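Single-structure report; data block below.
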Number of protein chains: 2
Amino acid sequence: MVSIKDIARAAHVSHSTVSRALRNSPLVNSETSAIIRKIADEQGYTVSAVGRSLVTRRTNTIGVVVTSIANPFVGEIVNGIEEVALAHDYSLFLATCHADPVREVRAVRSFQERRVDGILVNSSRVGALYLPLLEEMRVPILLINNQHPGEFVHSVSIDNLNAGRVAARHLAELGHKRIGYLGNRFGLQADMERFSGYRQILEEADIGFQPELVAHGDGRPEGGMSAMERLLALPEPPTAVFCYNDMEAIGALRAIREHGLTVPGDVSVVGLDDLFLASYTDPPLTTIQQPKHQMGRLAAEILLQLLSGEKPDSHVTLVGKLIVRQTTAPPPAGRRT
Amino acid sequence: MVSIKDIARAAHVSHSTVSRALRNSPLVNSETSAIIRKIADEQGYTVSAVGRSLVTRRTNTIGVVVTSIANPFVGEIVNGIEEVALAHDYSLFLATCHADPVREVRAVRSFQERRVDGILVNSSRVGALYLPLLEEMRVPILLINNQHPGEFVHSVSIDNLNAGRVAARHLAELGHKRIGYLGNRFGLQADMERFSGYRQILEEADIGFQPELVAHGDGRPEGGMSAMERLLALPEPPTAVFCYNDMEAIGALRAIREHGLTVPGDVSVVGLDDLFLASYTDPPLTTIQQPKHQMGRLAAEILLQLLSGEKPDSHVTLVGKLIVRQTTAPPPAGRRT
DNA sequence: AGACCATCTGCAAACGTGTTCAGAATAACT
DNA sequence: AGTTATTCTGAACACGTTTGCAGATGGTCT
């Protein structure tokens, strides 16, 4: 591998001069600079980031740890991160932890060894347990959609309360009086916040909260399906449901169909996430869009600001947008009490 | 940041001894070794990969360049890669190129600067143009599902010919005589191979190839939808279609439904990829599963073998598995001619 | 001519680690 | 006691780069 010294020898200058020439330093004569660059080109020289990092004490890398990169949701986020990282000449270390604390710790340790300049964490189930570990590191850490954003220094997340409100309000405005909530049984903070927003709207709209209209899934289609079945088995089932996420909504759609009912004729459904899938369910799913890409971009931008010494806002929340497709409509004529 | 020299000073030994102690070298006395490790622990020392890489001339990193990480298909592959990388203490640099040659070249250059030990490329549209660039690098490169695998030294890909055969055979065995093909209009090699397999089966089954039953989409639902519409407009439309991928199959399902026909009652549909989505279409999609995860694992394993000096097979192909769900059935009674 | 300045270049140190080699200390022999 | 073998440690160099400082070169001014 050709180094700076090799081309110094070839150009009959010192390696310092080569270093300066390649970095366009005004200190070096433009002619010699041109010669040096030409030789470097011919020899196929590329600067060694590892040599450079050793002296500059910066690696121009950021570590990203996510639950699973196969999840299209996090894929979008990483896409946004990568976009701004690339624009600023940063590279990404990617690690997945699959919600396994051991793996997460291992990933962070590895990042520490590699001397990343900053870390982005997107793994909503990791609690405050790891706070000490993360803080022990000397680099800025930013959490995306984390379970306990308040406890960490910097975070970017969606406004879950607002999302719950927007979804419930949409259904209330369509005239629904029996609006169910298909939650997530793992007691995630996101679930509680979405539920709160939903409940707020019910109170504000004088519909009132009806506890029997709440069921819990597991965040996956199967869980959504069985939770929906429980609601449909009620003497007076809901005419609309707001689901914790799109995955559960898909399960709900199936349960409703298998129950011999139609969407949105008999039951309206609202999801949350706006996965790619949501456009292609039958019928296409009305949902709250999480600004995944923007979330990734914003997270990376804030991290870069931190790295350049600025002091950006500690906790940023983004609001989701309601995407009305075809799973919501007014309640059936006979049930508009 | 605490370095090896700091703990050497604290332990009253030389930094060489510290280096050895932390790497469990048998050369150092076990008692002093214990003392050193204790001090290192107290000071929160973590070895610097950049310092180490400088002397070992290995970074224990591999660069992964993909089209888009938001694509669940590539997400699964990366998942597999990460799994074996982690197991071997390698870290992943991730870069996305969005099928943009400029970005791809930039990503590879960045990897080169960072002195990755090897590179995995998954971007099926990149042709032989970049071969020189890739070969100029001094590290092993392995291509996953590439457009022109033969031209590169190492590759892992799916057996597209076989996939086409399996899909078509499944439909032929159900009794279909008019089997359409919904291809990809961009002339990808994968499309041609899948088509060849399909055609082979038609000949072997004495059904014969009927050119009017072939239409081309764009690899996305919209394209699949309009291509399917063209087939349905034929005087004698197909009773089954094999689609280039699941995305087009989803479009086909929608076109068929909007045409007032049912799946699989009137038309059978087979996709290819087995995206997560495929389980949740209505009805659930029969498709050929691409072993995405395994492909990622295998790619990483082969690369690691290359890195350790072994000479594994140059070109590995994996066979996809037929997943029969509910979009395929015998043709309608009136059309079994 | 000498003083001064501007412009460029090289020397040397530093970053954190691994590794070779030589030598010190101790133990085990004759 | 003297020799040899064994076990451990430290000095020194290397890896590739950046950068402060000193010095060289050549030019301009008094």
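To find a chain, count down the sequence lines: A is the first, B the second, and so on, and within it residues start at 1. The structure presented is a predicted model; accordingly, all values stated were derived computationally and were not measured.
Using a 3.5 Å distance cut-off with no hydrogens or angles, the side chains of A/S19 and A/S16 do not pair a donor with an acceptor. With no hydrogens or angles considered, no side-chain donor-acceptor pair links A/R114 and A/T61 at under 3.5 Å. Side chain to side chain, A/S33 and A/S30 fail the donor-acceptor criterion of an N or O pair below 3.5 Å. Counted by atom type alone, A/H98 and A/E104 present zero donor-acceptor pairs between their side chains at under 3.5 Å. In this model, a donor atom of one side chain and an acceptor atom of the other lie less than 3.5 Å apart for A/T46 and B/R115.
Side-chain atoms of B/L54 lie closest to D/dC15 of the nucleotides D/dT9, D/dC15, D/dT18.
Between the NZ atom of A/K5 and the P atom of D/dG16 there is a distance of 7 Å, given to the nearest Å. One can place CG of A/D6 at 10 Å from C1' of D/dG16, the figure rounded to the nearest angstrom. Rounded to whole angstrom, the span from the CZ atom of B/R115 across to the C1' atom of D/dT17 amounts to 11 Å. The separation between B/I35 atom CD1 and D/dC8 atom C1' is 14 Å, rounded to whole Å. Rounded to whole Å, the distance from CD on B/Q112 to P on D/dG16 is 15 Å. Distance, A/N24 CG to D/dT19 P: 14 Å, rounded to whole Å. Distance A/I36 CD1 to D/dT17 P: 13 Å, rounded to the nearest Å. Computed from coordinates, the A/L27 CG to D/dG20 C1' distance equals 11 Å when rounded to whole Å.
At the heavy-atom level, A/S16 lies under 4.0 Å from base atoms of the strands shown. The residue A/S3 sits close only to the backbone: its heavy atoms come under 4.0 Å of sugar-phosphate atoms, none of a base. When heavy atoms are screened at a 4.0 angstrom cut-off, B/V50 is found touching no nucleic acid atom at all. Using a 4.0 Å heavy-atom distance criterion, B/S53 is classed as making no nucleic acid contact.
Toward the 5' end of DNA chain C, the nearer of the two residues A/S30 and B/M1, judged by each one's closest nucleotide, is A/S30. DNA chain D is contacted by both B/V55 and B/R20; B/R20 maps to the nucleotide lying nearer its 5′ end (nearest heavy atom per residue). Residue B/H15 is the one, among B/T56 and B/H15, whose nearest nucleotide of DNA chain D lies closer to the 5' end (criterion: closest heavy atom).
Of the candidates B/L143, B/L142, B/V78, B/V66, B/N122 forms a side-chain contact (heavy atoms from CB on, under 4.5 Å) with just one, namely B/V66.
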Salt bridge (Lys or Arg N to Asp or Glu O under 4.0 Å) between A/E76 and A/R297, intermediate numbers included: CA-CA 10 Å; A/E76 286 277 9; A/R297 285 193 61 98; over 6 Å; no
Check against side-chain hydrogen bond (donor to acceptor under 3.5 Å, both in side chains), B/R57 and B/S53: CA-CA 5 Å; B/R57 312 180 71 85; B/S53 296; over 6 Å; no
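Note that the first and last nucleotides of DNA chain C, 5' to 3', having any atom under 4.0 angstrom from a heavy atom of chain A are C/dC8 to C/dG16.
Neither OP1 nor OP2 of D/dG16 sits under 4.0 Å from any side-chain N or O of A/R52. Between B/R57 and the phosphate of D/dG16, there is a side-chain N or O to OP1/OP2 separation shorter than 4.0 Å. Proximity of B/S14 to the phosphate of D/dG10: a side-chain N or O atom is located under 4.0 Å from OP1 or OP2.
Here the CZ-CG distance, from A/R138 to A/D117, works out to 15.5 Å after rounding to the nearest 0.5 Å.
Residues of residues 37-46 of chain B that place a heavy atom closer than 4.0 Å to DNA chain D do not occur.
The shortest side-chain heavy-atom distance between B/L120 and B/I62 falls under the 4.5 Å cut-off.
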